[in-house]
Amino acid sequence: MGAGTNDQYAGSAGLTDSIADLRLEQPGEAIVVSVLVPAPVERALDYLAPAGTPVGAFVEAPLGGRSTMGVVWGAGAGDFARERLKPVIRVLDMPPMRAEMREFLSRAAEYTITDPGLMTRLATRAPGLTDPPGARRIYRLGAGRPDRMTSARTRVIDVLEDHPGLGFSPTDLADLAGVSAGVLKGLAEAGALISSQAPRDAPFPPLDPEANPVALTDAQRQAADALKASVAARRFAAILLKGVTGSGKTEVYLEAVAECLRQGRQALILLPEIALTAAFLKRIEARFGARPAEWHSAVTGAERRRAWRAAAAGNAQVVVGARSALFLPFTDLGLIVVDEEHDASYKQEDGVRYHARDMAVLRASIEGGAALLASATPSLESWANAEAGKYARLDLPERFGGAALPRISAVDSRTTPPERGRWLSRPMEEAVAERMGRGEQALLFLNRRGYAPLTLCRACGHRFGCPHCDAWLVEHRFRRQMLCHQCGHAEPAPEKCPSCGADDKLSACGPGVERLAEEVAARFPDARLAILSSDLAASAAEQKARIDAIAAGEADIIIGTQIVAKGHNFPLLTLVGVVDADLGLQGGDMRAAERTFQLMRQVAGRAGRADKPGAAMLQTAAPDHPVMKAILSGDEEAFHAREAEARRAAGVPPYGRMIGVIVSGRDERRVWASAMALGQAGDALRAAGCQLLGPAPAPIARVRGQSRARLLIKAPKGVAVQQAAAAWRRSVKPQSGVRVILDVDPQSFL
Ligand code: ADP
Ligand code: ZN
């Protein structure tokens, strides 16, 4: 098998659907094509393929003793003896990958300094894509009910009722409901499940843009008209939609989706949190009369394949999904919505490191579609792009229905501290008590999972640390475990100190949500408590059930980590109390101020959505800090302008470019030798106009047993920093067992 140079990664110029460009040796004979395989390879590899195989065709090809799916990327490079080339095993019966998609993958690979093969892997990540279509057995909801309903049986029925009209394969259904095959059998015998044959990959029901239009307010109408005009223009546009929580951003962008449907083009809506999808799908169904396709890690394999194929066939009109949905093979993508565009979870932090917001804009520009970034608290990147005129900007300054924005106040924890060993100050407690008296809900926000971030022995000073990481073990009392939040290492909660053997001397330091819950339960014994923390729900379905219960008023006090900040609507909630507003400002990350500002505004925005006015209270030891003052005054434009000025002066994003470099491996000496070698090879980078900083130990110097060093490349805008960094990286051979990762536009510096 050969590998050829492939200069077609450069951009659209080399991409074509014409088979005339293929190196056709003799009509009717095999031709030499280059195939990009979903593996860490830098270039496409040459293979023989049947004459007439088009560029973009999906093929099955032999690779290192096994077979893999690949995409014909162009004519073979031809620099490898034809006799030694292997033929592809078969050309798959699927629509070829479009030129736009190939260009997107090539440019995304270039931008993120990733092997193009790994980008292709993102674009083919659905199980069984190469399987022939066939029939499968599915269960639908029947009218019968067994004499005895167990909780397992109820869960099965709930899953089917949640997805009206849909059938599930027995494995998927058992999986979704968390039950064994035996439970399904019992339900089938009672007639509660009906078994039938369904074609694999049933088509999605059509969505109707006129099904249930909403009467918009004047401000909403203006924004919606502008968006609709953009979508109708069928050209690339990037638009920032900034609107306070509850202003109707979603209603407004659904009008853009409607216009996209009228245009006969596909729309993609990205959400930052899987737990939000279920409620969102219902909203789409209410507006457009049918459920759209869904794509994220909690969707079953069969459903993922169905969505992938439907996107490729043009039959999925709307896909709602997580960031990886960006790599679906849409045939005609007219609109990409990135909801809560500021959310840090849009940056993928392992494997291929890409920012879904930026890749959405790239993809829209290639597809000739609109990229719509929606947020109440835009990222400084998008705000600056709007300031610079690169993005259009639309504003919705008022809440729908005239609901007032929450009043935000501070409790100075220096002058009004909580009692020793407690976390709620007197004013905070009183504010909660007031809500209880009125039958309203209060939310206490603390962005720390578990019981306490640190456990130590008061006899000998022993601290519980992770054996694999440079991190404390966090006590999780409900689970009776000590957990490492870096690597997931778990051990049983200790009964005595492992170091000195003393019992009764272990002491929890600092608060986590579980500890806060203990304090709240003692202070408000009659209140119904709900804790929302990502580690406390077993599944996305359970998380959703908890959220629905809270929204329905089944809790008085909600204690939550940052998952409560994201888009949930709790109509009875009138008070948000932030237990430690200073938490995010520690650590000195260049985005600390921005993130704290966004998080505090988002959390505060949960209060008082309906007809009841809301209030937010922040416990802070630094009420005079410029970030706190900006949060309290709510003057977002001033905050952004000031923050922008500071970043411009420092030459950091969005006013300069950065590439993080992480050097890691088991052997600390080798890691450092490699990091030093990289540090010493910086001349070419400097010649290209970049700065190279480091190496330095990473703030978390060991994770999962891997030692970690960091370097940082900085460059002014306009420097071809990716090219320079890629060449620099290639010029140094790391020692064996050492990995070097380049993180373009890093969000995390840990
Ligand atoms: P955002 O996305 O800005 O937080 P939403 O679009 O979710 O705001 O709107 C907040 C709430 O107000 C939702 O319950 C929504 O249905 C309702 N709403 C917003 N605009 C309208 C409208 N024009 N007519 C009826 N309800 C609306
Ligand atoms: Zn660990």
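Both counts, for ligands and for their atoms, begin at 1 and track the order of listing.
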Can you tell whether the side chains of [X] and [Y] come within less than 4.0 Å, N to carboxylate O?
{"X": "R591", "Y": "E381", "result": "yes"}
{"X": "D743", "Y": "K347", "result": "yes"}
{"X": "R595", "Y": "D589", "result": "yes"}

(request) Pick, from F400, Y253, F280, the option with the minimum heavy-atom distance to atom 18 (N) of ligand 1. (result) F400
(request) Scan residues 207-224 for pairs that pass salt bridge (charged side-chain N to carboxylate O under 4.0 Å, His left out), counting only residues two or more places apart or in two chains. (result) E210-R262, R221-D225
Counting each atom of ligand 1 from 1 as listed, which ones have a heavy atom of [X] under 4.0 Å away?
{"X": "V214", "answer": "22 (C), 23 (N), 24 (N), 25 (C)"}
{"X": "V244", "answer": "3 (O)"}
{"X": "G248", "answer": "1 (P), 3 (O), 5 (P), 6 (O), 8 (O), 9 (O), 19 (C)"}

(message) Using the salt bridge (Lys or Arg N to Asp or Glu O under 4.0 Å) criterion, which residues pair with E636? Sequence neighbours excluded.
(response) K242, R601
Where on [X] is there a heavy atom closer than 4.0 Å to ligand 1, on the side chain, on the backbone, on both, or on neither?
{"X": "R287", "answer": "neither"}
{"X": "A215", "answer": "backbone"}
{"X": "T250", "answer": "both"}

Would the number of heavy atoms belonging to other residues, nucleotides or ligands and lying under 6.0 Å from [atom1] of [X] be above 12?
{"X": "R393", "atom1": "CZ", "answer": "yes"}
{"X": "Q481", "atom1": "CD", "answer": "yes"}
{"X": "Q486", "atom1": "CD", "answer": "yes"}

(request) For H462, enumerate each residue passing the ring-ring contact (aromatic ring centres under 6.0 Å, His included) test, keeping only those at least two apart in sequence or located in another chain. (result) F464
(request) Verify side-chain hydrogen bond (donor to acceptor under 3.5 Å, both in side chains) between S345 and E273, making sure each step is shown before the conclusion. (result) CA-CA 8 Å; S345 69; E273 172 76 44; over 6 Å; no
(message) Below 2.8 Å, which protein N, O or S atoms neighbour the Zn ion (ligand 2), ignoring water?
(response) C466 SG, C469 SG, C484 SG, C487 SG
(request) Please verify whether a non-hydrogen atom of R399 lies at under 4.0 Å from ligand 1. (result) no
